[in-house]
Protein chains: 4
Amino acid sequence: MPVNRDDTPPPHTSDTRKRGRPRDPRVHDAILGAARDLLHEAGPAAVTMEAVAQRAGVGKPTVYRWWPNRHAVAMAALMDAGPAPDRPRSKSRHATARRRPLDDLERQLLVVADTLASRTGRHVTAMIAAADPNTEVAKAFRHHFVLARRSEGRLMLEQAVQRGELRADLQIDVALDQIYGALFFRLLLGHAAVDGTFVRALVAQALAGLQAPRD
Amino acid sequence: MPVNRDDTPPPHTSDTRKRGRPRDPRVHDAILGAARDLLHEAGPAAVTMEAVAQRAGVGKPTVYRWWPNRHAVAMAALMDAGPAPDRPRSKSRHATARRRPLDDLERQLLVVADTLASRTGRHVTAMIAAADPNTEVAKAFRHHFVLARRSEGRLMLEQAVQRGELRADLQIDVALDQIYGALFFRLLLGHAAVDGTFVRALVAQALAGLQAPRD
Amino acid sequence: MPVNRDDTPPPHTSDTRKRGRPRDPRVHDAILGAARDLLHEAGPAAVTMEAVAQRAGVGKPTVYRWWPNRHAVAMAALMDAGPAPDRPRSKSRHATARRRPLDDLERQLLVVADTLASRTGRHVTAMIAAADPNTEVAKAFRHHFVLARRSEGRLMLEQAVQRGELRADLQIDVALDQIYGALFFRLLLGHAAVDGTFVRALVAQALAGLQAPRD
Amino acid sequence: MPVNRDDTPPPHTSDTRKRGRPRDPRVHDAILGAARDLLHEAGPAAVTMEAVAQRAGVGKPTVYRWWPNRHAVAMAALMDAGPAPDRPRSKSRHATARRRPLDDLERQLLVVADTLASRTGRHVTAMIAAADPNTEVAKAFRHHFVLARRSEGRLMLEQAVQRGELRADLQIDVALDQIYGALFFRLLLGHAAVDGTFVRALVAQALAGLQAPRD
DNA sequence: GGATAATCGAGACGGTACGTCGCGTCTTCAT
DNA sequence: ATGAAGACGCGACGTACCGTCTCGATTATCC
């Protein structure tokens, strides 16, 4: 399930095209496959260029031709592997008497939590935190795994505001960070579980606010 | 401003105590000093055992005698360097007409945000992510820089609940992650600023809740 | 004056041959050259992998790629440096009224003695003693510097026996050790000089025997 | 069976004598014992100061107080262990019809060969060849294990000359090296066995000479 | 009998070298 | 032109011993 084969690394593919041996597409896959395997067999530290190349049955320079360094390969492998939490096609949108606000957001969060709580999830957060934040790959990676989800969330919040379910003066960016940040925080610090119970409590409490009701 | 010299690295302190040449405290300081310097001159990647040893004017094995690897040294250096956001002694604020609930929490968060937004802050998060999370040093580090602040926050929340400012059925752990997590999230993803405005909006919105008022 | 470039280090020459970048012969030479220099500037103890690598302008791993340890490098350097006492081509001495038996052996011994009495000679014996005697390199080394000479000697003795100059029931191996051993013994124990006088006396006395003539 | 406890290391024992704690004789023995054990458990390379000290239950400085380095300790251990080939008390000297000349020398050589052919023997030769030849310890060691035997041999040769068994113009030093050197040579190079057969052939052939009898 | 002094166990310390791993570049041959 | 193979310079890793040092604890003799 490769995500975007064409734009991933378009380095020299510029103009002339078609001279000499055409590149072998299987090479690309073999490399990412090897990286992926190494990743969840022994963690991000094991994704060395040397190991990847050998495992993929590929020369080191070939790997370097397409990715600039180990981080890039690992990230590409992760992004290639699964297209992030599968976008929750909110089918329940149809007609039901709407239960709670942000019902859809909660559903998305459950999926995200599930993904991130896996072994792969640990790797994702670790790599986000460890990589040089200014790299293109890093940006793409962050966007792919987190900010894209957050953008979907923004949409949901905006709609909910329009529906009058959320307060009109809502600071959406802050709200999003309240919610998605809580997930990440637990994941990174590891001080508590990231599960369904937590997600539901999180949404509920964010909605209701901490403050005591004024009765 | 060393924090707690006694418990920093209690490595082989087993039983007999006081046999052989006592360790030279200047060595300890020189090592951490060198690590600290390297850290904010060139980032965590520059905290090499070799560089640390040379800069501290110390043999490599001496460094290894007290810390198991580069991560541990870097973490110790950071922990030793600054005592984390100085605990805001908010007790003197007693009698004034109390303004908003969680006023004290907000003040603490401002300090934390300030610390973490600095260059050092980036290092802290990067190191949390990079180190093996199950190590003792890593646990100590996480606790020192994050969880300790979170614990202080828990105290404030509990008091606020008792004062009736916050709802009685509050899920404190969730609330804490909502707030501290948001800070970390921005820091890690870098999609928006971590400043006073953000902190104030965060506390306010967490308190009030996202939901539209019912009236 | 490299002796035999081909067989010097035949390490992984297994099967496929000729894949990948061929090794740079200059590297090989630079390493042995550096080792040789270090050797007779400061003795065998100075032939450190680190020093060799640095002096050769080469990475340490490159040295290890071709030789397993410091002994091997030093030995290779020595073997590469001088082709051992140049084999005395004694064939041209054919028709002259032959003087004494073992005249040719004596000539060879003089050269050997000369070589071994030099600084290099001390190194040779020291290295023979220091290296693990079962290693391939060690065997090659011993053969190159000592046993090869002894083999040449064996040839001479056999011919002398055939010419009737030496007793027919001669135990050649014992005889060889009597002679070459005496050289080495002096070299190793250092209790007396290893010079021309000694060599001549040695050959003469071995020939004549210690026993008082019977007549 | 310690050899010479008193003169082994008389370092500061100069004048004042007897102030402070007297040295513990058991320490001395423990150190040499440990060294000896290490030596024939794992060879000379295993006789490190650290290992010796620990095994002897002794502080490193204590070892250094009495011996300057690892070589010295190893040699001392070896010399302390056995007093070299027990001097063959030539009891057969009495009245028997004298068999062969150098009968007594042969007997001594058999003992020497036996000793040196053992594992310990290998160590002895290796250490002789490896040690810095100019050191006092090295000289003592060489003398103890080899030159002392050679001196005994000289005595026998001189007596044999006087008895008219050996030629009057014998170059005794050369003769000695012919014989003892052959032993050492085999030991060091390892190209042939050092056993009784060899020793007997050696003595016989040295006596008779290589030369064909003039009929 | 208390001062003095050397010995001893322990182990910290500055070093040097070890042998290994991975990086990212380069060179060669085969396709 | 691509790709597999792998040599290469480099830098850091973590370990083993070196030989020196500084401790506290003994264990004697000397005053």
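Just so it is clear: chains get the letters A, B, ... in the order the sequence lines come, proteins before strands, and each one is counted from 1.
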Sequence neighbours excluded and cut-off under 3.5 Å, please list the side-chain donor-acceptor pairs for residues 129-139 of chain C, or say none.
from: C:Asp132; atom 1: OD1; to: C:Asn134; atom 2: N; distance (Å): 3.0
from: C:Thr135; atom 1: OG1; to: C:Asp132; atom 2: O; distance (Å): 2.8

Name all residues meeting the side chain to side chain donor-acceptor pair (under 3.5 Å) criterion together with [X]; count only those two or more places apart in sequence or in a different chain, and write none if there are none.
X       : answer
A:Arg36 : A:Asp80
D:Asn69 : none
C:Arg21 : none

Can you give the donor-acceptor pairs under 3.5 Å from side chains of residues 43-61 of chain B to other protein atoms, not counting sequence neighbours?
from: B:Thr48; atom 1: OG1; to: B:Ala46; atom 2: O; distance (Å): 3.4
from: B:Glu50; atom 1: OE2; to: B:Lys60; atom 2: NZ; distance (Å): 2.8
from: B:Arg55; atom 1: NH1; to: B:Glu41; atom 2: OE1; distance (Å): 3.2
from: B:Arg55; atom 1: NH2; to: B:Glu41; atom 2: OE1; distance (Å): 3.4
from: B:Arg55; atom 1: NH2; to: B:Glu41; atom 2: OE2; distance (Å): 2.7

Can you tell me the distance, in whole Å, between the [atom1] atom of [X] and the [atom2] atom of [N]?
X       : N      : atom1 : atom2 : answer
D:Arg55 : E:dG9  : CZ    : P     : 16 Å
B:Arg23 : F:dG24 : CZ    : P     : 17 Å
C:Asp29 : F:dC8  : CG    : C1'   : 15 Å
D:Trp67 : F:dC17 : CH2   : P     : 20 Å
A:Arg65 : E:dG24 : CZ    : P     : 16 Å
C:Arg26 : F:dC8  : CZ    : P     : 10 Å

Taking only side-chain nitrogens and oxygens of B:Thr62, does any of them come within less than 4.0 Å of OP1 or OP2 of E:dG14? yes

F:dA7 phosphate, OP1 or OP2: any side-chain N/O from C:Trp66 under 4.0 angstrom? no

In terms of the angle between their ring planes, are A:His28 and A:Trp66 parallel, tilted or perpendicular, with boundaries placed at 30° and 60°? perpendicular

For nucleotides 18-22 of chain F, tabulate all protein N/O to nucleotide N/O atom pairs closer than 3.5 Å, reporting atom names and distance.
from: F:dC18; atom 1: OP1; to: D:Met49; atom 2: N; distance (Å): 3.2
from: F:dC18; atom 1: OP2; to: D:Met49; atom 2: N; distance (Å): 2.8
from: F:dC18; atom 1: OP2; to: D:Glu50; atom 2: N; distance (Å): 3.1
from: F:dG19; atom 1: OP2; to: D:Tyr64; atom 2: OH; distance (Å): 2.8
from: F:dG19; atom 1: O5'; to: D:Tyr64; atom 2: OH; distance (Å): 3.4
from: F:dG19; atom 1: N7; to: D:Lys60; atom 2: NZ; distance (Å): 3.3
from: F:dG19; atom 1: O6; to: D:Lys60; atom 2: NZ; distance (Å): 2.6
from: F:dC21; atom 1: O2; to: B:Arg21; atom 2: NH1; distance (Å): 3.0

